[in-house]
K.L.:
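I have a structure I would like to understand better, so I am pasting it below and will then ask my questions one at a time.
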Amino acid sequence: MKILILGGTSEARHLALRLLADARFDALLSFAGRTEKLADPGVPFRVGGFGGAAGLAAYLEREGFDVLLDATHPFAAQISRNAAQAAQQSGLPLARLEPPAWSAGPGDRWLDAPDMAAAAQALNGGSLGAAPRRVFLSIGRLEVEAFAAAPAHDYLIRAVDRFEPALPRARVIAARGPFALRDELELLQRERIELLVSKNAGTSSTRAKIDAARELGLPVLMVARPHLPAVTPLADVAAACAWLDGLGVAHGASMRRGV
Ligand code: NAP
């Protein structure tokens, strides 16, 4: 069974590695090509956009894929919308590998923001006031500009690649997850961070900063996930394998019937 995995996350790579070991599956991992230096995923892969939903549908048909698996980051909304549209157009089964969102537990000091603009607003005279703070922006590179609306703060930004942020007082550290709790505690203390801004990614590889903030009693501005089209949800790699197993049985039966 030929499977296109839309990736860019550790979960996508783990799934692709798992499928590589199973002769029933022929999986290709797809990357957008956003990072400067792509780490070799150790599985067959391709890089670059498809040209919107129509381009993706055409690619799926041209290359003879049987299944589309969206394992992109929960905040990569455009590609997930394209995947839903392309699967519908081409009639292929589609599921989304998406870890459940984090929820606040005892000791967590979270402030929820519906999106990045609202998070910046909360820091600019909104619910968090406007007094200057040392803020850890752990949101990647793409949405940093929203915080130009809250210019009073000192920002520490973590992203895969270095870049020049369009913020008056910001520093960038380049690092790639997974991140360990001990290292996150050390970073927050060394940088005297007073507040963390995070996407509600739900991924285990980026969870440690949330636990570190709780241990240190720091507030977290937690940005909610964007709204995505409803498709079959798969909570983890094991669930994705089980779903593919089920499809494999049906696929094998239809091949034997010659349909
Ligand atoms: P996006 O806004 O949803 O997608 C923008 C465009 O990038 C898509 O329309 C598509 O181009 C291309 N694209 C995205 N993912 C692709 C993939 N896996 N394979 C081929 N093309 C892809 O995505 P984004 O937020 O910029 O994220 C880009 C990539 O980084 C994603 O693969 C995502 O999994 C990963 N990532 C994102 C975040 C985040 O916070 N957004 C965090 C960690 C990792 P075409 O329309 O030309 O096909």
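Ligands are counted one by one from 1 in listed order, and the atoms in each one are counted from 1 as well. Numbering of residues begins at 1 and proceeds along the displayed sequence.
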K.L.:
So is Gly55 touching ligand 1 or not, going by heavy atoms under 4.0 Å?
P.N.:
no
K.L.:
Among Val197, Leu128, Ile193, Ile157, whose side-chain contact (heavy atoms from CB on, under 4.5 Å) with Val135 holds?
P.N.:
Val197
K.L.:
Does ligand 1 have an atom that lies less than 4.0 angstrom from a heavy atom of Gly48?
P.N.:
yes
K.L.:
For a quick test of reading the model, state the closest non-hydrogen atom pair linking Lys199 to His73 and the distance between them.
P.N.:
CD-CE1, 4.2 Å
K.L.:
Do me a favour and list the nearest non-hydrogen protein atom to atom 48 (O) of ligand 1 with residue, atom name and distance?
P.N.:
Phe50 N, 2.6 Å
K.L.:
Might you confirm whether atom CD of Glu63 has over 12 heavy atoms from other residues, nucleotides or ligands at distances under 6.0 Å?
P.N.:
yes
K.L.:
In plain terms, say whether Asp22 and Arg18 are close enough for a salt bridge, that is, a side-chain N and a carboxylate O under 4.0 Å apart.
P.N.:
no
K.L.:
Provide, to 0.1 Å, the distance between atom 32 (O) of ligand 1 and the closest protein heavy atom, together with that atom's residue and name.
P.N.:
Gly7 O, 2.9 Å
K.L.:
Can you establish whether the number of heavy atoms outside Glu186 located under 6.0 Å from its atom CD is more than 12?
P.N.:
yes
K.L.:
Counting only heavy atoms not in Glu191, do more than 12 sit closer than 6.0 Å to its CD atom?
P.N.:
yes
K.L.:
Does the residue Gly140 have a heavy-atom contact with ligand 1, meaning some pair of atoms that are separated by less than 4.0 Å?
P.N.:
no
K.L.:
Nearest to atom 9 (O) of ligand 1 by heavy atom, Asn82, Leu29, Ile79, Val160: which?
P.N.:
Asn82
K.L.:
Does the pair Asp245/Arg24 count as a salt bridge with the N-to-O cut at 4.0 Å?
P.N.:
yes
K.L.:
Just jot down the ligand 1 atoms closer than 4.0 angstrom to any heavy atom of Leu142, in number order.
P.N.:
24 (P), 25 (O), 26 (O)
K.L.:
Salt-bridged, Lys2 to Asp26, with N to O below 4.0 Å?
P.N.:
no
K.L.:
What residue and atom, counting heavy atoms only, is the protein's closest point to atom 44 (C) of ligand 1, and at what distance?
P.N.:
Gly8 O, 3.2 Å
K.L.:
Can you check which of Arg34, Gln78, His73 brings a heavy atom nearest to atom 6 (C) of ligand 1?
P.N.:
Arg34
K.L.:
Pull out every atom of ligand 1 sitting under 4.0 Å from any heavy atom of Gly51, numbered as shown with elements.
P.N.:
45 (P), 47 (O), 48 (O)
K.L.:
Which residue holds the protein heavy atom closest to atom 12 (C) of ligand 1, what is that atom called, and what is the gap in Å?
P.N.:
Ala32 CB, 4.1 Å
K.L.:
Answer with yes or no whether the hydrophobic clustering places Leu17 together with Val47; edges join I, L, V, M, F, W, Y residues whose side-chain heavy atoms lie under 4.5 Å apart.
P.N.:
yes
K.L.:
In terms of atom number and element, which parts of ligand 1 are under 4.0 angstrom from non-hydrogen atoms of Lys199?
P.N.:
39 (C), 40 (O), 41 (N)
K.L.:
Going by a strict under-4.0 Å cutoff (protein heavy atoms only), does atom 34 (O) of ligand 1 have a neighbour on the protein?
P.N.:
yes
K.L.:
Counting heavy atoms only, name the option from Ala76, Ser10, Ala83 that's nearest to atom 25 (O) of ligand 1.
P.N.:
Ala76
K.L.:
Run the numbers for me: atoms of ligand 1, each under 4.0 Å from some heavy atom of Gly52, listed by number.
P.N.:
45 (P), 46 (O), 47 (O), 48 (O)
K.L.:
Provide the number and element of each atom of ligand 1 under 4.0 Å from a heavy atom of Ala77.
P.N.:
3 (O)
K.L.:
What's the shortest distance from atom 11 (O) of ligand 1 to any protein heavy atom, and which residue and atom give it?
P.N.:
Gly49 CA, 3.7 Å
K.L.:
Relative to the heavy atoms of Arg46, which atoms of ligand 1 are at a distance of less than 4.0 Å?
P.N.:
20 (C)
K.L.:
Which of the numbered atoms in ligand 1 are under 4.0 angstrom from any heavy atom belonging to Ser30?
P.N.:
17 (C), 18 (N), 19 (N), 20 (C)
